[in-house]
Amino acid sequence: MLNLKFIKILIFILLCRVLYAEITKEVCEEWISNTLVSSSESSIKIYILENLQDIPSAKFLPGVKKISLLKTTPENVYLKSLYVLYKVYKSTSALEKIANFLLQKPKKESSETPLIKAKIYLKNQLRAEAAKMIGELGDERHLEILSKTVKDEYGIVSDASYFALAMLSKRGKIKPLNELKEFFYSGLKDVDYKVRLKAVRYLGELRYPDSVGPLSLRLKDTSKEVVVETIISLGKVGDVSVLQDLLQFKNSQEDAYRVALAEALGSLAEVLVISSKDTSVMDKIRNVLNSLMNDPNGMVRVTAAAALLRISDRSGIEVIKKGLESIDTDVILYCIKSLGNYGNFQDIKLIEKFTQHNDLLIQTYAYVSILKIYYKERK
């Protein structure tokens with residue numbers, strides 16, 4: 001009798017392994033931890049670091065510390081590791097290092113060759129990232145530093161410092177400052193499309209409710225990049241009053257506009273699930289997303305399917321499965337990432353095979369996404 005019971009339990013376990021996942025949470029953690037330290041590719045390290053707040057295992061802390069201390073660590077990886085050390089592991093010394101990095105202006109040379117100019121630009125990009133981090137981390141203790149860098153001679157650093165102050169103001173860390181909001185609104189009208197593009201991106205992250213009007217005007221921008229970013233940012237703001245304005249791009253000849261529309265509709269739908277009892281708008285969004293899943297462009301199809309997945313609507317799962325079989329690496333990566341962000345335990349089976357892929361980046365996406373699901377499902 002005992003033997004029969006044991007056999008039944010064994011059969012049940014084996015069936016579970018077949019039906020669900022064979023790869024364990026512990027295997028994922030070990031692989032990610034080892035890759036974070038051993039990989040020579042900055043893009044791999046950055047991707048892992050960017051996702052650690054969703055998989056905050058203590059097992060990753062030694063690796064993050066190590067790469068933050070190595071002199072050979074590239075500056076972008078170094079900076080991201082500091083962000084994680086404070087955001088996930090509450091290291092105050094890491095925050096101080098971020099602030100110090102922001103103050104490190106690149107040295108000017110008497111003769112600036114194209115190579116030197118490129119190095120200066122890259123350094124200032126990272127300084128701008130450091131300023132943004134201070135705002136995103138909600139740290140008001142470095143206001144004195146930000147008050148200096150808003151006057152930085154490099155516009156990219158100055159703009160990011162304004163963003164940091166605006167983020168702190170929006171979160172109530174410092175008093176509301178309308179001039180900060182106006183700074184970005186004025187950027188929307190700048191003659192340089194790059195300035196308009198930055199303003200649109202920052203406003204999408206700040207999500208001011210009254211930014212809908214100024215942002216909507218950029219839907220007619222002469223720059224394709226600005227229009228794409230505006231569509232996405234309006235979705236992030238989450239005001240359904242813009243729905244009709246966004247739907248003008250449903251039949252656009254520009255693939256990028258339709259991809260952006262699908263992403264924006266996913267953002268709007270997510271807001272509606274939380275805040276609204278009006279099902280008619282949600283039904284309209286679902287209908288548009290369903291039509292976009294028949295789009296001739298593969299990226300449009302999978303973005304629409306992922307948008308539905310964001311609101312626990314699995315009607316596009318077959319589209320995601322087909323996307324995983326694509327010959328386009330970007331489509332594959334997007335599908336794996338989407339399943340990690342919005343999928344459930346049964347989706348691990350769809351991702352598992354990519355842990356054996358010959359492309360390390362695809363492997364990384366797979367392990368990170370599987371671990372994300374484990375953390376969400378508490379398995």
Side-chain angles (χ1 to χ4, degrees), residues 2-3 5-41 43-68 77 80-81 84-85 87-90 302 305-306 309-310 312 314 317-318 320-326 329 331-379:
L2 285 173
N3 287 339
K5 186 177 181 181
F6 175 78
I7 291 170
K8 286 181 178 179
I9 292 172
L10 184 61
I11 291 171
F12 176 76
I13 292 171
L14 290 172
L15 281 172
C16 285
R17 286 177 63 86
V18 171
L19 292 172
Y20 296 106
E22 293 182 2
I23 192 166
T24 66
K25 177 171 174 261
E26 291 70 28
V27 167
C28 289
E29 288 178 333
E30 183 179 358
W31 189 94
I32 292 168
S33 183
N34 290 336
T35 303
L36 177 61
V37 175
S38 64
S39 176
S40 59
E41 296 183 37
S43 60
I44 300 292
K45 292 180 183 289
I46 289 288
Y47 186 76
I48 291 173
L49 290 167
E50 285 176 342
N51 284 276
L52 287 191
Q53 60 186 333
D54 295 321
I55 47 175
S57 170
K59 293 180 181 178
F60 302 133
L61 179 55
V64 179
K65 278 184 177 178
K66 183 174 181 179
I67 62 176
S68 74
V77 177
K80 188 65 72 173
S81 69
V84 171
L85 284 172
K87 176 77 174 179
V88 180
Y89 302 108
K90 312 306 177 190
V302 296
L309 203 57
R310 287 176 72 168
S312 301
R314 295 180 63 83
I317 197 65
E318 292 302 319
I320 297 285
K321 287 179 181 178
K322 287 181 181 176
L324 290 171
E325 302 301 325
S326 173
T329 299
V331 172
I332 295 170
L333 291 174
Y334 185 85
C335 290
I336 294 172
K337 183 178 179 179
S338 297
L339 289 172
N341 287 336
Y342 314 118
N344 57 37
F345 190 62
Q346 71 190 75
D347 295 322
I348 292 177
K349 200 67 181 173
L350 300 176
I351 307 171
E352 275 187 322
K353 63 181 179 181
F354 295 101
T355 61
Q356 304 302 316
H357 202 277
N358 57 11
D359 185 325
L360 183 59
L361 184 61
I362 291 178
Q363 282 188 54
T364 304
Y365 269 62
Y367 276 108
V368 168
S369 290
I370 290 170
L371 192 53
K372 276 187 174 183
I373 292 173
Y374 274 119
Y375 268 82
K376 282 189 303 178
E377 298 291 308
R378 294 292 185 267
K379 297 291 185 182

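Hydrogens, waters and symmetry mates are skipped; everything else that's a heavy atom, side chains included, is used.
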After noting the C-alpha distance and the side-chain angles of I351 and I373, does the key distance pass the side chain to side chain contact (heavy atoms under 4.5 Å, CB included) rule?
-> CA-CA 11 Å; I351 307 171; I373 292 173; 4.0 Å; yes

Chi angles and distances behind the side chain to side chain contact (heavy atoms under 4.5 Å, CB included) call for Y89, K65 = CA-CA 10 Å; Y89 302 108; K65 278 184 177 178; over 6 Å; no

Passes side chain to side chain contact (heavy atoms under 4.5 Å, CB included), K25 versus E377? Steps please.
-> CA-CA 11 Å; K25 177 171 174 261; E377 298 291 308; over 6 Å; no

Determine, stepwise, if the pair I55 / I32 fulfils side chain to side chain contact (heavy atoms under 4.5 Å, CB included).
-> CA-CA 11 Å; I55 47 175; I32 292 168; 4.3 Å; yes

Residue pair K321, E318: steps toward the salt bridge (Lys or Arg N to Asp or Glu O under 4.0 Å) verdict | CA-CA 5 Å; K321 287 179 181 178; E318 292 302 319; 3.2 Å; yes

Mind running ring pair (Phe, Tyr, Trp, His ring centres under 6.0 Å) on F354 and Y365 for me, showing each step along the way?
-> CA-CA 8 Å; F354 295 101; Y365 269 62; over 10 Å; no

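Nearest heavy atoms, L85 versus S68: CD1-OG, 3.7 Å. Across all non-hydrogen atoms, the minimal contact from L49 to V84 is O-CG2, 3.3 Å. Contact detail for I370 and C28: the closest heavy-atom pair is CG2-SG, 3.5 Å. Nearest approach of Q363 to H357, heavy atoms of both residues: NE2-O, 2.7 Å. In terms of heavy atoms, V37 sits closest to K45 at O-NZ, 3.2 Å. I44 and S39 make their closest contact through CB-OG, 3.7 Å (heavy atoms, listed as atom of the first residue, atom of the second, distance).
Here the CD1-OG distance, from I48 to S81, works out to 13.0 Å after rounding to the nearest 0.5 Å. One finds the CZ atom of F60 at 5.0 Å from the CG atom of L371 (value rounded to the nearest 0.5 Å). Between K353 atom NZ and I362 atom CD1 the span is 11.0 Å, to the nearest 0.5 Å. Between the CD1 atom of I23 and the OG1 atom of T355 there is a distance of 4.5 Å, given to the nearest 0.5 Å. Note that the CD1 atom of I332 and the CG atom of L324 stand 7.5 Å from one another [nearest 0.5 Å]. Here the NZ-CD distance, from K59 to E26, works out to 5.5 Å after rounding to the nearest 0.5 Å.
L309 has its side chain within reach of L339: a pair of non-hydrogen atoms, C-beta onward, lies under 4.5 Å apart.
Side chain of K90 to main chain of K87: a donor-acceptor pair is present (N/O by atom type, distance under 3.5 Å, no hydrogens or angles). Using modelled atom types, no side-chain atom of S369 and backbone atom of A366 make a donor-acceptor pair closer than 3.5 Å. A distance-only check finds a donor-acceptor pair linking the side chain of K376 to the backbone of G340 [under 3.5 Å]. Here the side chain of N341 pairs no donor or acceptor atom with the backbone of S338 at under 3.5 angstrom. A distance-only check finds no donor-acceptor pair linking the side chain of D347 to the backbone of G343 [under 3.5 Å]. Side-chain atoms of Q53 do not come within 3.5 Å of backbone N or O of V88 as any donor-acceptor pair.
Counting non-hydrogen atoms of other residues, nucleotides and ligands closer than 6.0 Å to NZ of K337 gives a total of 12 or fewer.
The pair K372-E50 does not count as a salt bridge, with every side-chain nitrogen at least 4.0 angstrom from each carboxylate oxygen. One finds a salt bridge joining E352 and K349 here, because a Lys/Arg side-chain nitrogen approaches an Asp/Glu carboxylate oxygen to under 4.0 Å.
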